Amino acid sequence: MSTGLKKHLRRLALLLTASLLAGWLLGRPTLVLALTLAFYAGWMLHQLNRLHRWLERSNQEAEPPEAPGLWGEVLDDIYRLQKRHLRARDRLQSMINRIRESTNALRDGVVMTDAAGAMEWWNQAAENLCGFNSTQDQGEYIHNLIRTPEFRSYFEAKAYAEPLEIESPARPRTRLQIEINLFGEDDRLITIKDVTRLYQLEKMRRDFVSNVSHEMRTPLTVLSGYLETLAEQTDRMPSGWQRPMDAMRHQANRMEALITDLLLLSRLETSDRNTGDAECRPADLLRQIQQDAMALSGDQEHEIELRIGDNRSIRGDAEQLRSAFSNIIFNAVKYTPGGGHIRIDYSAGSEGISVSVADDGPGIDPEHIPRLTERFYRADPSRSKETGGTGLGLAIVKHILYNHDGYLSIDSTPNSGSTFRCHLPANRIIPENGQ
C-alpha cells in the first residue's frame, strides 16, 4: 500500500470519527455521518470529473489540475506516464517515418498485406509499377488490382521458393518479378522488381541461339553429307587423307549434337510449362535407357543395375522425361571408369517420384556442384572433351524437371562417386484401379 493511500485512509478515518462525535453531541449521529459520507462522495465525484476533463484535453499536453492528497499524486503519476508514452510514441513515429522514407527511396516495390490479401501499406515504387492508388486502394484485396490467375495461385500456394514473373497491370511491355515472404500470422511482405531489361536480354539470347542453331544446321547437313560421300570413296583417296577425314566427321557429329541440344534447350525455355495430361510409364523408359546405356558402355563393361520400385504411370511428357533420364544415366557411363558400377533406382509414393543414378566414379568437387546445371559449364574441361559432351545435358535436365514441377539434386564426394536424383511431385502419379 502506497504512503499516499495510507495518509488518505487516516484522514478519512479521522473525518468519520469527528462526524460521529459531532453527531453524538447533537443527538443525530446517523444523520451527521450520512451527510459526511455524502460530502465525501461529492468531493470524489468532483475530482473524477476534473480528471475526466483533463484526460480529454491530454492530447494537447495540458498540465494536470491541482488537487490535494491522494488525488494530486494520482494526477501527477498519470501525467508522468502520459509524458513517457508521448515520448515513446514520438520515437516510434520517427522510426516509422524514417522507414517509410527509406522504402520510398527504393527502386523496388514493397507491399504489406494481411493473410487474406488486404493491402495495408505500399511504397511509391509499388504505385508506379502496379498502378496502386494511395487514396482509394487502402484495404483493397491485392488480387483485385493484380488480376492474373498466376499471381493469385502463387499468392495462395504459400510456396515462395521461386519468384513469379508477370506482366505489369499498369505499364504495358513491363515485366515484373514478384517475391513473397510470410511474417506474423501469415501476413505477406511482397517485393516487386522491374526485370524488363533482363527479360528482353534473355529473350534476345534465346532468339539468337535458336536462330543461329537453325542457320548452322543447313550448311552442317551439307558438309556431313559430303563427308559421308567421301567416306565411301576411301579406296580412291590418297593414304594421307584418311585421318583428316575421320577428324572432320567426328567434329561434324559433335557439332550436330551441339545444335540438337541447343535447339532442344531453346524449345524448353520458350515453351510454357504445360506438359499436358499424357501418360507415361517411367519404369518402361528406364528399362529402355538401361539397354542403351549398356550399348554405350561397350567394351568398358560397366555394371548397370536397375531397381524398379513402382510400375504405375505418371502424367508427363514421355520424350522430355526420356531425355532427362538418359542424360544423367549416359553421363554416369561416360564419367565412370571401365568396370565401374552404376545403380539406377526408381520409386514413387506419397513423398513424390524419384529417379536416382549413383556411380562409383571419381566424384565432383563441392565447389562445382552449384554450377553444374549452367549451360556449357564443365567441372573438368579436359575430361569433357574426351567424352564428347556438349555441356548442355544437365541444363536440359533442369528445364525438363522444372516443366514437370520437379527439380534435380546432386550429391557427390571426390573419389567416392556421385548421385544425381530427379524429383517429381506425388500428384503426377496416376492411381491404378481408381485408388
Side-chain angles (χ1 to χ4, degrees), residues 162 257-296 304 306-336 342-348 352-359 364 369-379 384 387-412 418-430:
E162 295 292 333
L258 177 60
I259 291 174
T260 300
D261 283 353
L262 281 171
L263 290 173
L264 174 59
L265 186 56
S266 177
R267 187 165 62 252
L268 290 171
E269 290 178 331
T270 55
S271 63
D272 56 27
R273 295 181 59 186
N274 183 18
T275 56
D277 293 327
E279 296 186 16
C280 71
R281 195 175 290 271
D284 295 341
L285 290 179
L286 292 171
R287 291 188 184 99
Q288 295 170 10
I289 296 171
Q290 180 192 26
Q291 297 302 316
D292 296 339
M294 291 174 139
L296 177 64
I304 303 175
L306 174 62
R307 298 178 180 178
I308 301 295
D310 194 286
N311 282 303
R312 287 177 292 178
S313 298
I314 67 171
R315 294 183 179 89
D317 188 307
E319 289 305 314
Q320 288 191 24
L321 293 176
R322 181 194 299 274
S323 178
F325 299 156
S326 61
N327 260 303
I328 59 175
I329 293 172
F330 293 167
N331 277 350
V333 174
K334 292 176 183 177
Y335 291 105
T336 302
I342 299 169
R343 190 181 74 248
I344 307 166
D345 288 291
Y346 172 70
S347 62
I353 303 164
S354 173
V355 176
S356 67
V357 181
D359 63 60
I364 306 168
I369 291 178
R371 301 190 59 191
L372 285 180
T373 56
E374 295 180 10
R375 303 171 188 88
F376 302 112
Y377 184 81
R378 301 177 186 272
S384 296
T387 58
T390 64
L392 296 172
L394 291 180
I396 291 172
V397 172
K398 181 182 75 171
H399 278 86
I400 290 173
L401 294 178
Y402 175 76
N403 286 349
H404 289 77
D405 309 307
Y407 63 94
L408 175 69
S409 64
I410 304 172
D411 297 313
S412 184
S418 306
T419 300
F420 289 74
R421 186 172 286 106
C422 301
H423 302 267
L424 297 174
N427 58 15
R428 287 190 168 269
I429 301 174
I430 299 176

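The structure presented is a predicted model; accordingly, all values stated were derived computationally and were not measured. The chain is numbered in sequence order, starting from 1. The figures that follow rest on heavy atoms only: side chains count, while hydrogens, waters and symmetry mates do not.
Distance alone, capped at 3.5 Å, places no donor-acceptor pair between the R315 side chain and the R428 backbone. The backbone N or O of L401 sits nowhere less than 3.5 Å from a side-chain atom of H423 that would complete a donor-acceptor pair.
With contacts defined as side-chain heavy-atom distances shorter than 4.5 Å, the pair N331/V357 does not qualify. For the pair I353 and Y346, the minimum side-chain heavy-atom distance is below 4.5 Å. Between D345 and R307, some side-chain heavy-atom pair lies under the 4.5 Å cut-off. Counting only heavy atoms from C-beta outward, the side chains of I369 and S412 approach each other to under 4.5 Å. Looking only at side-chain heavy atoms (C-beta outward), C280 and D317 stay at 4.5 Å or farther from each other. Between D292 and S326 the shortest side-chain heavy-atom distance does not fall below 4.5 Å. For the pair Q290/L286, no side-chain contact is recorded, criterion being any heavy-atom separation below 4.5 Å from C-beta on.
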task = Tell me, with the steps shown, if Y335 and D359 meet side-chain contact (heavy atoms from CB on, under 4.5 Å).
result = CA-CA 9 Å; Y335 291 105; D359 63 60; over 6 Å; no
inquiry  = For I314 and L321: C-alpha separation, side-chain torsions, deciding distance, then whether side-chain contact (heavy atoms from CB on, under 4.5 Å) applies.
reply    = CA-CA 11 Å; I314 67 171; L321 293 176; 3.9 Å; yes
query = Please walk me through it: do L285 and R322 pass side-chain contact (heavy atoms from CB on, under 4.5 Å)?
reply = CA-CA 6 Å; L285 290 179; R322 181 194 299 274; 3.4 Å; yes
task = Apply side-chain contact (heavy atoms from CB on, under 4.5 Å) to T373 and V397, showing your working.
result = CA-CA 8 Å; T373 56; V397 172; over 6 Å; no
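Between the CD1 atom in I344 and the CD1 atom in I329 there is a gap of 3.5 Å [rounded to 0.5 Å]. Considering CD1 of I308 and CZ of R281, their distance stands at 11.0 Å, rounded to 0.5 Å. Distance check: R421 CZ to S347 OG gives 8.5 Å after rounding to the nearest 0.5 Å. For the atom pair CG of L408 and CG of L394, the computed distance is 6.5 Å after rounding to the nearest 0.5 Å. Between I328 atom CD1 and I396 atom CD1 the span is 13.0 Å, to the nearest 0.5 Å. The CD atom of Q291 sits 9.5 Å away from atom CG of L306, with the distance rounded to the nearest 0.5 Å.
Minimum interatomic distance between I400 and H404 (heavy atoms only, all atoms of both residues): O-ND1, 2.9 Å. The nearest pair of heavy atoms linking D310 to A348 is OD2-O, 3.4 Å. Counting all heavy atoms, side chain and backbone alike, T419 lies closest to A358 at OG1-CB, 3.6 Å.
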